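Here is the structure we will look at, set down as structure tokens.
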Amino acid sequence: MDKFQIVGGYPLRGTLDIPTAKNACLPILAGSIMCSDTVKIIDCAKFSDIIYMTKILEGLGAKIIEDGDDLVLDMSDIKNFATSDEYTKKIRSSIFLLGPLLSRCHHAKVAYPGGCNIGSRPIDLHLKGLRCLGVKIIERHGYIYCDGSNMHAGDIYLDLPSVGATENIMMASVMLDGVTTINNCAKEPEIEDLQNFINAMGGKVSGAGTSVITITGVDKLHSVEYTPIRDRIIAGTYMIATAMAGGDVTLNGASANHLVALISKLRQSGCQIDTYCDKIHIVASGNIQAVSHIETQPYPGYPTDLQSQMLTLMTVSDGTTIIKENLFENRFNITSELTKMGADIKVVDRMAIVRGVKELNGAEVQAQDLRGGASLVIAALRAKGYTTIENVYHIDRGYSHMEDDLARLGAHIKRIV
Ligand code: EPZ
């Protein structure tokens, strides 16, 4: 199992290109099932979750080839509506294969999904929404069986603005007769990207980015070449890393209007941030002011996927910060590992009280989930001495060779295989 070895104390300086977004590429790859022609995804991210999704698609009959940084998917021969267990159980995003499989095959059989152990990750909103569209669903022996022979358009209200459930229902409705509305839907930029991808194939979806999405059914979708949006969570992770280590970094492709909440918090912590139409420039002294309060919310609130990273930054701030995690009940895994490095954190239910300490010390720590693992890297960039991070496969799920990016900026980090 690969490890990272990091020596702390080196500032980050230079420029990075931000890749396309994991959480945009995954629903777009799933959505390609709805097209019975060729789909080309330009500059598709190559994280392990993406690779697992392509394996699932190949198991359904897709022929996928890499064309430089692009992926070309021949979806003309999808002959199977049951996904392979091996990969389905590794990733959370396999759950939103139900929608596109129902659109294409009118049936679907998918094992329960995997994903980060950051909470119970229920799927009730996905299934409730599909049942509103007339899908017959049986859950048995760890599988979800869907019969969409009598599907119809419908009006759906989501009890929570679930990203995955919004995407699943959107894709299930694309080729239904009539108009489907999804109320109280998620508003993430990746939802808007999925809408744009579907419309580029000839679909009729509107309202993404607001709390009501409308899908007007069409008969067929045609081939497309599509470039997904850049990864706002990777951009945010590297901004927080720069704040932690100190330095001067420019992130090409980063979209400031996708990171308004984070930029506000980092400016409060003392960073200088200049934003442009297609890049973000951050300068940080390494002196960090406590931001006193961070509360995760659905977009456009402070993103849960940047909670662990900000918590880490606050461990060396000049005061106390209260962090409330409202989306996932188990997203403070990292605190035990940060405590080994000298952090002062107290967790009470969904709240973490972080008291800034003068410095962290290098230690042997273990990544336990994707964003928590990335946050341990951030801690190690500043900690005194050596830090070894085990279970780096968690980090590889959402960052492609993070060690190369950080080394390019001057960090002393290497992967030990
Ligand atoms: C997506 O997960 C992202 N994953 C997550 O990113 C992200 O943290 C999350 O959205 C929130 O922004 C992908 O896009 C692949 P949700 P998803 O459904 O769709 C509850 C990362 O690090 N809920 O929006 O699974 C749920 O428990 C990952 O890149 C139900 O109750 O998240 C949570 O409290 C981690 N029932 C809230 O909704 C359901 O049926 C938001 O979850 C579904 C969700």
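Since this is a predicted model, take the numbers as computed values, not measurements. Order of appearance sets the numbers: ligands from 1, and atoms from 1 within every ligand.
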Practice item. Only pairs at least two apart or in different chains count here, so list each side-chain hydrogen bond (donor to acceptor under 3.5 Å, both in side chains) that has a residue in residues 253-266. Key: S255-N257, S264-Q268
Point to revise | Pairs touching residues 114-123 that satisfy side-chain hydrogen bond (donor to acceptor under 3.5 Å, both in side chains), sequence neighbours left out | key: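 Residue pairs passing side-chain hydrogen bond (donor to acceptor under 3.5 Å, both in side chains), neighbours aside: S120-E329.
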Exercise for review: Answer yes or no on whether K90 is positioned over the face of Y52, meaning its NZ or CZ is under 6.0 Å from the six-membered ring centre and within 45° of the axis.
Suggested key: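 Positive - K90 is close enough to the ring of Y52 and near enough to its axis.
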Review point. So is K187 actually on top of Y299's ring, under 6.0 Å and inside 45° of the axis?
Key: no
Revision key, fill the gap. The protein residues that pass the under-4.0 Å heavy-atom test against ligand 1 are K22, N23, R92, I118, R121, P122, I123, D124, L125, H126, L160, S162, V163, G164, E188, T304, D305, L327, F328, R331, L370, R371
Review point. Is there a side-chain contact between L327 and Q307, using heavy atoms and a 4.5 Å cut-off?
Key: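 No, their side chains stay 4.5 Å or more apart.
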Review point. With sequence neighbours left out, what residues match Q195 under side chain to side chain donor-acceptor pair (under 3.5 Å)?
Key: none
